[in-house]
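Sequential numbering from 1 along the given sequence is applied to the chain's residues.
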Amino acid sequence: MALTNAGRNHIAQAILGEAVTAFNNANAYIGVGDSSTAFAGSQTDLQAATNKLRKAMDASYPTRATNVLTFRATFATTDANYAWQEWGIFNASSAGTMLSRKVESLGTKTSAQSWQMTVDITVNNP
């Protein structure tokens, strides 16, 4: 999963103690969309024109275990019923900072299904 330029800048601001919106339970979202547009660091949102949705974190998420951040959101039967081709991590229900975005086919969700999406981000040094 690639870090966006905005995500990189957000981390740098947080390290210096500048005012930023945290990616905590009150603010973090997983977004899914149906665009297969390739990732670019300059992107600030999912690339889907209309079929995209952000869902707030499940209770007690995100979590951290040493250097692994875990985000989890549940998409109910009425949510995001289309082909999931992209996803991202955000710190707002709209606008805000997109920390990262990944393009991958996760299948097509239907109204007969509730999907829970879990994303692990491992923070490593080279």
For Thr37, is there any backbone N or O sitting under 3.5 Å from a side-chain donor or acceptor partner on Gln85? no

For a side-chain contact (heavy atoms from CB on, under 4.5 Å) check, start with the C-alpha distance between Lys102 and Phe39, then their side-chain angles and the critical distance, and finish with the verdict. CA-CA 7 Å; Lys102 181 156 180 133; Phe39 171 82; over 6 Å; no

Report yes or no: does Asp58 contribute a side-chain atom to a donor-acceptor pair with the main-chain N or O of Thr74 at less than 3.5 Å? yes

Counting N and O atoms only, with roles assigned by atom type, does the side chain of Arg101 sit under 3.5 Å from a partner on the main chain of Gln43, one being a donor and the other an acceptor? no

Nearest heavy-atom neighbours spanning Phe90 and Phe23: C-CE2, 3.3 Å

Co-membership, hydrophobic cluster, residues Leu99 and Val123, 4.5 Å side-chain: yes

Hey, does Ser105 have a side-chain heavy atom less than 4.5 Å from the side chain of Trp84? no

Please check if the side chain of Gln47 supplies one atom and the backbone of Asp45 the other of a donor-acceptor pair under 3.5 Å. yes

If every non-hydrogen atom of Ala92 is compared with every non-hydrogen atom of Gly96, which pair is closest and at what distance? CB-CA, 3.8 Å

Using side-chain hydrogen bond (donor to acceptor under 3.5 Å, both in side chains), reason through Thr70 and Asp120 one step at a time and then give a plain yes or no. CA-CA 4 Å; Thr70 301; Asp120 288 331; 2.6 Å; yes

Is there a donor-acceptor contact under 3.5 Å linking the side chains of Asn5 and Ser42? no

Kindly indicate whether the side chain of Ser100, heavy atoms from C-beta on, has any atom under 4.5 Å from the side chain of Ile121. yes

Is the shortest heavy-atom distance from the side chain of Met57 to the side chain of Pro62 under 4.5 Å? yes

Hey, what do you get for CG (Leu53) to OG1 (Thr78), rounding to the nearest 0.5 Å? 9.0 Å

Please check this pair: side chain of Ser114 against backbone of Phe75, looking for a donor-acceptor N/O pair closer than 3.5 Å. yes

Within the 4.5 Å heavy-atom criterion, are Thr108 and Tyr82 side-chain neighbours or not? no

Between Asn67 and Asn124 (side chain of the first, backbone of the second, donor and acceptor by atom type, cut-off under 3.5 Å), is there such a pair? no

Do Ile30 and Lys55 pass the side-chain contact (heavy atoms from CB on, under 4.5 Å) test, and can you show the C-alpha distance, the side-chain angles, and the key distance before you say yes or no? CA-CA 5 Å; Ile30 295 176; Lys55 288 296 287 187; 5.7 Å; no

4.5 Å side-chain heavy-atom contact, Arg72 and Thr63: no

For the pair Asp79 (side chain) and Ala76 (backbone), establish whether a donor and an acceptor sit closer than 3.5 Å, ignoring hydrogens and angles. yes

side-chain contact (heavy atoms from CB on, under 4.5 Å) evaluation trace for Ile11 with Leu3: CA-CA 10 Å; Ile11 291 167; Leu3 190 65; 4.2 Å; yes

Begin with the C-alpha distance, continue with both residues' side-chain angles, and end with the deciding distance and a verdict on ring-ring contact (aromatic ring centres under 6.0 Å, His included) for Trp87 and Phe71. CA-CA 12 Å; Trp87 55 269; Phe71 297 84; 9.6 Å; no

Is there a donor-acceptor pair under 3.5 Å between the side chain of Arg8 and the backbone N or O of His10? no

Is there a continuous path of hydrophobic side-chain contacts, each under 4.5 Å between heavy atoms, that joins Tyr29 to Val119? no

Any donor and acceptor pair, going by atom type alone, linking the side chain of Gln116 with main-chain N or O of Ala73 inside 3.5 Å? no

Are Leu69 and Met117 joined in one hydrophobic group, where the rule is that I, L, V, M, F, W and Y side chains link up if heavy atoms are under 4.5 Å apart? yes

If you look at every heavy atom in Ser35 and Ala48, which pair is closest and at what distance? CB-N, 3.3 Å

Out of Thr4, Asn91, Ile89, which residue meets the side chain to side chain contact (heavy atoms under 4.5 Å, CB included) rule with Met98? Thr4

Euclidean distance, Asn81 CG relative to Gln113 CD, rounded to 0.5 Å: 8.0 Å

